[in-house]
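Here is the structure we will look at, set down as structure tokens.
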There are 4 protein chains.
Amino acid sequence: MAPHSSAPHDPDAAPSARAESQRERILDAAQRCFIARGFHAATVSDIATEAGISQGLMYRYFDNKRAMILALIERQLQSDQQSMRRNPLSADIVENLLAIHQLWTRGESIAGVDAAIASVALYAEITAEAQRDPVVADVLQRHDRLTTQTVCDWLRQHDLARGAAIDEAGLQRRTLLMRTVVEGLAMRAVRDPDIAPQTVRAMLAGAMAQVLND
Amino acid sequence: MAPHSSAPHDPDAAPSARAESQRERILDAAQRCFIARGFHAATVSDIATEAGISQGLMYRYFDNKRAMILALIERQLQSDQQSMRRNPLSADIVENLLAIHQLWTRGESIAGVDAAIASVALYAEITAEAQRDPVVADVLQRHDRLTTQTVCDWLRQHDLARGAAIDEAGLQRRTLLMRTVVEGLAMRAVRDPDIAPQTVRAMLAGAMAQVLND
Amino acid sequence: MAPHSSAPHDPDAAPSARAESQRERILDAAQRCFIARGFHAATVSDIATEAGISQGLMYRYFDNKRAMILALIERQLQSDQQSMRRNPLSADIVENLLAIHQLWTRGESIAGVDAAIASVALYAEITAEAQRDPVVADVLQRHDRLTTQTVCDWLRQHDLARGAAIDEAGLQRRTLLMRTVVEGLAMRAVRDPDIAPQTVRAMLAGAMAQVLND
Amino acid sequence: MAPHSSAPHDPDAAPSARAESQRERILDAAQRCFIARGFHAATVSDIATEAGISQGLMYRYFDNKRAMILALIERQLQSDQQSMRRNPLSADIVENLLAIHQLWTRGESIAGVDAAIASVALYAEITAEAQRDPVVADVLQRHDRLTTQTVCDWLRQHDLARGAAIDEAGLQRRTLLMRTVVEGLAMRAVRDPDIAPQTVRAMLAGAMAQVLND
DNA sequence: AATGAATGAGCCTTCATTCAT
DNA sequence: GATGAATGAAGGCTCATTCAT
């Protein structure tokens, strides 16, 4: 019908660059609102205002509020994965996590930092949602396995580099420990923001020793 | 107005036993609803039905919905603490956590089990709320420190029992590790419910070794 | 739970007298609004205002707007049937229809008159809805057959009274003619309200002669 | 602005052939949508899609949705009249009506058939609208009288052809009967689609005998 | 103490209409 | 002429809260 442009409401067509950037603007706004108020308390009106567009227009880009939530979750998971992939294991891992812990502690949303968890509030809310919404649970699990694979590959490379024998069961154990400690630390940062940094550093040093050298 | 009992709406009077048990019933119902649907999606009507009372009556026990949420959070934190206090460190700690991990994995609400986290969804939602609501954050932090103290005392007792030297910095590090691993594992259980149990056991064995024996 | 009263929102309980009278008030208001503006143009807010209650309260008595429409249609059909049943065939049938035609012509809603069609606008709108909504179509057809039976029985009694032989095919033909003329006349009354009464009377006389005496 | 053609948005200019054909396309689409969903439930977007043009463009041909409805009603009435004029009274009138009744019964829109009522749903909705909107009522009545005149002329010709004396009052009576039966039958077709065809034929035979031979 | 009817604010969503291109 | 992005005003509906009984 209109050969030179494909509207966002035409599901068969690839979205135009403008449409894509609008979606991103909306998702950015949604992210801020969801972090600030939560998935259910944030209103479509909030998001529209934050995005600087009218409420009605949002429905050209998303079928409904739930679709916004799902799209945001999907985007968040993909961004998390990319962060993990870009951020190789290093000797500085303890110091890196320590720095990120400080940001979590301040409740700031982390942009430009390669953190697997950009906002603890969003991470927690997505997790809660996964226990209620099977669609969210599925998306989450699919991404989770990719991330686990990424971490596992890291460790395998690390072992090869240091000439250690490859032990698959051990790799999985250490991957799980790595992820558990990171995510647990995020929760700790919110629930008691005043832990002494040296305690965190010592804990991380011990745990990362197991991750990297066992 | 009610000559034979001090009504719960009289703030100056000590709540009667009956009033106290009503509050408990309501909070029990609220807990089930909040776990199933979340703080904001659960309606007052849901909770009233679940508690088997009328909507209007709830407002004799709680000023409003927010007060219910706060009371539930408070109660949850106290119950978590009691679990921790009742559940001393033992050689079975790995197997205990493994069993709880299975329950988390199934998304079941844990009753009668001495788990620090009765429902991961509720735990996550409370954490998210803490990053938005300073009142929640304060309550959370106050309880958190008590719990940290409880765990720390455990470990001190454990060290005394095995004749180890007492190292305060080490105790704090191991306490943090303990809590981080438990809370991280709860999140892992939701985000990827299909991790192999032997992997979890191996990870826990390694981490708990550091907690108990370092 | 409450043994002495059954709330309208409890689907298992028989509605209380109060609830029933509220439903009637709402349906009365809905009828006025639907006649004045149509099923789809009339708003729930219109109806609430007309009924003198709040919007929210309507949803204690009807699940949604569609349920109101369906309930009104059902009530209308039942009332039509009762009119037919109360209003036996008589020598005055021509004059009766003539009088009703005058009311139709003025677009007035007919109350207290035993007219099969109380409001032509409502009758037309229900008919239109039947061609779109299978549920409405079903309800309509079910009632229609009862009404047809009622008219058919009238005519049979009439024939017996005048000593005529009973001819089933003929009864059905005359029943159909009777109903067709009545409903057709209703439409005529709206589409050209200025037909001369003597023309209507003459037409009815001829048609009713066939209905009553063939 | 458009030097080579008189644009439809210029009210002083005669509409170009192109503009006229666009209007027809839009009205065709509108008719399909209105039949399927009703005046108020059909959206401008529906109609635009059905017509294969953009929403914005429709506003170059019609001021607003109401203007579309009015134009469609006007066109419908004209087309009905032409059908009546093209379709002279004949011995087959009973069989013709019987065939049309079948189409009404199936809820199909009748195209290419010389039926006075192309769609019962549309006919009913227009009738309902006439009782609300004086503009519609006026247009309807004006057309109605022309149609009545057309039918009346038919019958006069018929009488002349068979050598009967011309009786003006009788002509009006028979015209009214004719129209009443046709429109009443349309309603019957929707409200009880399962009437036996032989019953319809017998009823029509009797009524048309009065129309043609009295 | 207890009920549940009643309210009204506000939410998600739709849609007629406008406007920049 | 033509598009479709954008707007804003409702509309249907929900729900926390209040109140008469």
Side-chain angles (χ1 to χ4, degrees), chain A residues 1-2 4-10 16 18-19 22 40-46 48 53-66 68, chain B residues 1-2 4-5 7-9 16 18-19 22 40-48 53-61 63-66 68, chain C residues 1-2 4-10 16 18-19 22 40-46 48 53-66 68, chain D residues 1-2 4-5 7-9 16 18-19 22 40-48 53-61 63-66 68:
Chain A
M1 197 179 303
H4 61 288
S5 110
S6 41
H9 60 278
D10 179 353
S16 67
R18 166 133 185 78
Q22 283 279 52
H40 297 289
T43 72
V44 172
S45 169
D46 289 339
I53 63 176
S54 70
Q55 269 187 72
L57 187 55
M58 311 201 56
Y59 288 85
R60 283 186 74 84
Y61 298 98
F62 297 94
D63 281 348
N64 46 42
K65 187 182 168 185
R66 182 161 190 266
M68 285 180 224
Chain B
M1 197 180 293
H4 60 289
S5 91
H9 60 278
S16 69
R18 166 131 181 75
Q22 282 278 50
H40 296 286
T43 72
V44 172
S45 168
D46 286 341
I47 299 171
I53 63 174
S54 69
Q55 264 185 83
L57 188 53
M58 308 201 55
Y59 286 84
R60 284 197 159 258
Y61 297 98
D63 282 347
N64 48 40
K65 191 181 169 184
R66 181 157 192 272
M68 277 182 235
Chain C
M1 198 181 303
H4 61 288
S5 113
S6 44
H9 60 276
D10 180 354
S16 68
R18 167 134 183 77
Q22 283 278 50
H40 296 289
T43 72
V44 172
S45 169
D46 288 340
I53 62 176
S54 70
Q55 266 188 74
L57 187 54
M58 312 203 54
Y59 289 87
R60 284 185 74 83
Y61 298 98
F62 297 94
D63 282 347
N64 48 43
K65 187 183 167 185
R66 182 161 189 267
M68 285 180 223
Chain D
M1 199 180 290
H4 60 290
S5 91
H9 60 278
S16 69
R18 168 131 183 73
Q22 281 278 50
H40 296 286
T43 71
V44 173
S45 168
D46 287 340
I47 299 171
I53 63 173
S54 70
Q55 264 185 83
L57 188 52
M58 308 200 55
Y59 286 84
R60 285 198 159 254
Y61 296 98
D63 282 349
N64 49 39
K65 191 181 169 184
R66 182 158 190 270
M68 277 182 235

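The sequence lines fix the lettering, A, B, ..., with proteins before strands; numbering per chain opens at 1. Scope of the values below: all heavy atoms of this structure, side chains included, with no hydrogens, waters or symmetry mates. Predicted, not measured: the structure shown is a model, and the values here were computed from it.
Atom CG of C:Leu57 and atom C1' of F:dC19 are 14 Å apart (whole Å). Residue D:Arg60 contributes atom CZ, which lies 20 Å from atom P of E:dA16 at whole-angstrom precision. Counting to the nearest Å, the C1' atom of E:dA6 and the CE atom of C:Met58 are 13 Å from each other. Per the geometry, OH belonging to B:Tyr61 stands 19 Å off C1' belonging to F:dA16, to the nearest Å.
Summarising the geometry of A:His40 relative to B:His40, their closest heavy-atom pair is CB-CB, 3.8 Å, with the distance given to 0.1 Å. Counting all heavy atoms, side chain and backbone alike, B:Met58 lies closest to B:Val44 at SD-O, 3.8 Å. When every heavy atom of A:Ser45 is checked against every heavy atom of A:Gln55, the shortest pair comes out as CB-NE2, 3.7 Å. Residue A:Thr43 comes nearest to A:Asp46 through the heavy atom pair OG1-N, 2.9 Å, listed as atom of the first residue, atom of the second, then distance.
Contact annotation: the side chain of B:Gln22 never approaches that of B:Arg60 to less than 4.5 Å [non-hydrogen atoms, C-beta and beyond].
Distances shorter than 4.0 Å separate some side-chain N or O of B:Arg18 from OP1 or OP2 on E:dA2.
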Dot-bracket for DNA chain F: what is it, with Watson-Crick or G-U pairs under 3.5 Å, [ ] where a pair crosses earlier ones, and | for a pair to another strand?
.||||||||||||||||||||
If you restrict it to nitrogen or oxygen atoms, what contacts under 3.5 Å exist between nucleotides 11-13 of chain E and the protein, and what is each distance?
from, atom 1, to, atom 2, distance (Å)
E:dC12, OP1, A:Lys65, NZ, 2.9
E:dC12, OP2, A:Val44, N, 2.8
E:dT13, OP2, A:Tyr59, OH, 2.7
E:dT13, OP2, A:Lys65, N, 2.9
E:dT13, O4, A:Gln55, OE1, 3.2

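Taken to the nearest 0.5 Å, the CZ atom of B:Arg66 stands 8.0 Å off from the CG atom of B:Asn64.
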